[in-house]
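Take a look at the structure set out below.
Within every chain, numbering begins at 1; the chains are lettered A, B, ... in the order of the sequence lines, protein sequences first and strands thereafter. Since the model is a prediction, treat every value here as computed from it, not as a measurement.
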Amino acid sequence: DAGITQSPRYKITETGRQVTLMCHQTWSHSYMFWYRQDLGHGLRLIYYSAAADITDKGEVPDGYVVSRSKTENFPLTLESATRSQTSVYFCASSESAGVLFYEQYFGPGTRLTVT
Amino acid sequence: KNEVEQSPQNLTAQEGEFITINCSYSVGISALHWLQQHPGGGIVSLFMLSSGKKKHGRLIATINIQEKHSSLHITASHPRDSAVYICAAGGIIQGAQKLVFGQGTRLTINP
């Protein structure tokens with residue numbers, strides 16, 4: 001299906017485990033983003049990528065790793081999950097020229113619980 | 001103080017009322033985004049504007065760059081407009097190009 005998808009939609013994991021959240025988009029958008037959404041904080045940028053093999057840190061990158069070997073995929077890995085990483089994670093994509101001038105398209109979100 | 005502030009945080013109105021949600025930002029921006037988050041959690045981009053006014057159906061967004069203020073208006077509100085509305089300021093902030101999000105306004109329209 002066309003669009004932007006995330007998997008899994010729901011995940012429960014234990015403290016210390018490695019978790020990978022997947023994001024896939026079919027538009028060939030250059031830019032992709034990972035956000036987390038927490039009560040009281042709104043959306044916060046974790047990492048973003050301007051193109052394949054180009055990634056950069058956002059506002060809250062600690063504890064997360066990203067990669068982008070293909071334009072359409074942008075996985076987010078929690079190397080050793082902590083309870084503070086319990087959140088809803090949104091992936092988004094945008095056409096070239098980045099976030100300032102083009103609208104972002106959001107995935108459906110992944111609700112992650114770390115016990 | 002948050003760089004992007006929205007008001008009100010919560011708004012309940014009756015069907016048919018004219019709705020205004022405000023967004024003030026303290027940073028220089030290149031564009032202001034309005035997003036809608038449905039009760040199920042999905043996020044949709046409504047508007048992106050850098051000056052003036054945009055209209056889409058019953059939704060109108062305005063921005064005043066000098067006053068660093070934007071408003072989202074909904075005319076003839078309907079229960080299906082119930083959602084969280086989020087504004088985000090985009091620009092060079094703290095030396096990096098990024099979007100800074102407000103905390104959202106929860107709108108409830110009663111029939």
Between CD1 on residue A/Ile4 and SG on residue A/Cys91, distance to nearest 0.5 Å:
4.0 Å

So how far is it from A/Ser94 OG to A/Tyr48 OH, rounded to the nearest 0.5 Å?
12.5 Å

Measure distances from B/Ile86 to the heavy atoms of chain A and classify the residue's part below 4.5 Å as side chain, backbone, both or neither.
side chain

Under 4.5 Å from a heavy atom of chain A, the part of B/Leu49 involved
neither

Whatever's closer than 4.5 Å to a heavy atom in chain B on A/Tyr105 counts as neither

Give me the atom names and distance for the closest heavy-atom approach of B/Ile65 to B/Ser50.
CD1-O, 3.2 Å

Quick one: which of B/Phe18, B/Tyr85, B/Phe47 gives a ring-ring contact (aromatic ring centres under 6.0 Å, His included) with B/His73?
B/Phe18

